[in-house]
Amino acid sequence: MKAVVIGGGIGGTCAAIALKRFGIETAVYEAVKEIKPVGAAISIWPNGVKCLNYLGMKDALRELGGHMRYMAYNDYKLGQTMTRFSMDPLVQRVGEQPYPVARAELQAMLLDTYGRDSVQFGKRVTHVEESADGVTAWFDDGTSAHGDLLIAADGTHSVVRKHVLGYDTERRYAGYVNWNGLVEIDESIAPADQWTTFVGQGKRVSLMPVSGNRFYFFFDVPLPKGLEQDRSTVREDLQRYFADWAEPVQKLIAGINPETTNRVEIHDIEPFMTLVKGRIALLGDAAHSTTPDIGQGGCAAMEDAVVLANLLQTHSLGIEDALLRYQEKRAPRVKDLVLKARKRCDVTHGKEMALTEQWYHDLTEETGERILDGMCETILGGPLE
Ligand code: FAD
């Protein structure tokens with residue numbers, strides 16, 4: 001059996017690694033010559049970590065991951081702690097640590113694990129064709145690739161998605177802009193072993209440790225879509241949006257490198273239940289685009305990869321049958337993740353300010369139990385125990 005994998009991001013490489021481990025021949029085709037991830041880092045929650053462990057990257061991931069032992073929310077203006085609690089109960093309940101990692105390092109680990117030489121870069125798929133004996137992908141350089149099945153992991157702007165669904169999907173602007181990057185750890189801003197988030201005015205500023213004595217930071221600001229982006233004014237823009245915020249936030253803004261700070265308008269796509277057509281399967285953001293508010297988009301792509309490869313390995317009623325089983329298992333799970341993230345997004349970013357104010361109040365009474373319960377539920381919904 002040969003699988004053509006479109007896209008060499010988190011989803012495509014995880015799918016290729018998973019299939020290769022089961023002895024399925026794979027070829028990965030990636031549009032760009034060099035992958036430049038849209039964000040600086042990513043939090044891999046234990047459901048995603050278990051998938052990477054399963055795919056043989058247990059030790060490599062630990063080298064890259066930051067140690068997040070505590071979680072805290074701070075008031076935006078005074079910087080005072082609203083709630084702070086240990087993440088140990090979560091780790092105990094789900095049986096694995098979360099690992100925030102720098103994206104470039106994660107991408108390198110995935111490519112090295114799969115085999116960088118087995119990825120064909122500069123191959124942008126334009127359309128796909130199904131026939132009795134498989135699927136052909138056509139690229140913009142006029143070449144093509146044929147396989148018994150095709151996995152479309154071509155991201156949120158997927159061109160294969162339209163072929164599978166039979167209609168175009170619209171990306172929905174979630175109402176806020178996210179700036180993110182990496183900065184050296186400074187404990188006068190936040191403790192090195194804590195996920196710290198300053199909240200107020202429907203905005204947030206967050207810091208997570210990754211390896212190499214670095215914080216992954218991000219700033220969220222509710223803003224209209226389509227504002228002009230100018231890298232040279234990133235610091236001034238953030239100073240303006242966070243003018244009356246606490247000293248640690250001012251210090252963080254002063255310490256960032258505008259040249260390496262990313263600016264992303266956050267979108268998602270209304271969940272759909274069709275993930276496959278014949279011998280073609282959508283995977284990762286192509287199948288489910290979510291806001292990053294529960295940090296599960298990439299983890300869900302890892303889950304997709306493990307489930308799909310397992311079904312192809314363990315069932316013998318044919319590729320179409322295995323793909324339909326994949327759809328049956330994954331569609332409800334990823335719909336749930338997208339809608340959960342959307343709900344969190346709205347509360348965090350002041351869609352209805354009264355609800356956001358209530359959340360700020362609830363945080364001052366939070367012991368950690370409710371927050372960790374919600375996280376555990378999401379994590380335990382993953383495919384691996
Ligand atoms: P992508 O990473 O988009 O990869 C798709 C690949 O396909 C790309 O390399 C692209 O070049 C290639 N491609 C596109 N079109 C074609 C084509 N026509 N032909 C060939 N190749 C093509 N997730 C988490 O789990 N935890 C987090 O903390 C987290 N934080 C996030 C923060 C932000 C600000 C954002 C925006 C997202 C975050 N996510 C997080 C989500 C996560 O980044 C995505 O879910 C994940 O990258 C999806 O991987 P993918 O491989 O499906 O898509």
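Numbering of ligands and ligand atoms starts at 1, following listing order.
- A heavy-atom separation below 4.0 Å is found between Cys299 and ligand 1.
- Of the polar atoms of Ala31, at least one N or O is found under 3.5 Å from an N or O of ligand 1, judged by distance alone.
- A heavy-atom distance below 4.5 Å is found between the side chains of Leu110 and Ile17.
- Here atom 45 (O) of ligand 1 lies nearest to Asp285 when heavy atoms of Asp285, Asp304, Thr156 are compared.
- Of all the atoms in ligand 1, the ones that sit under 4.0 Å from a non-hydrogen atom of Ile6 are 19 (N), 20 (C).
- Close contacts of ligand 1 with Gln296, meaning ligand atoms under 4.0 Å from a residue heavy atom, involve 24 (C), 25 (O).
- With respect to the salt-bridge test (charged N to carboxylate O, under 4.0 angstrom), the residues Arg69 and Asp193 do not qualify.
- The proximity of Tyr29 to ligand 1, defined as any non-hydrogen pair under 4.0 Å, is limited to the backbone.
- Judged as a side-chain hydrogen bond (donor to acceptor under 3.5 Å, both in side chains), and not counting sequence neighbours, the contacts of Arg172 are Asp268.
- Nearest-residue assignment for atom 4 (O) of ligand 1 (options Gly9, Gly284, Pro100, Ala305; heavy-atom criterion): Gly9.
- For the pair Arg84 and Tyr70, the cation-pi test (distance below 6.0 Å, angle within 45°) is passed.
- Compare His267, Arg103, Glu265 by their heavy atoms: the one nearest to atom 37 (C) of ligand 1 is in Arg103.
- Of all atoms in ligand 1, numbered sequentially from 1 with element shown, those under 4.0 Å from a heavy atom of Gly295 are 24 (C), 25 (O), 26 (N), 27 (C), 28 (O).
- Looking at Val32 next to ligand 1, no N or O pair under 3.5 Å apart turns up.
- Salt bridge status for Lys20 with Glu25: absent, with no side-chain N to carboxylate O gap under 4.0 Å.
- With distances taken over non-hydrogen atoms, the option nearest atom 20 (C) of ligand 1 out of Lys123, His127, Lys33 is Lys123.
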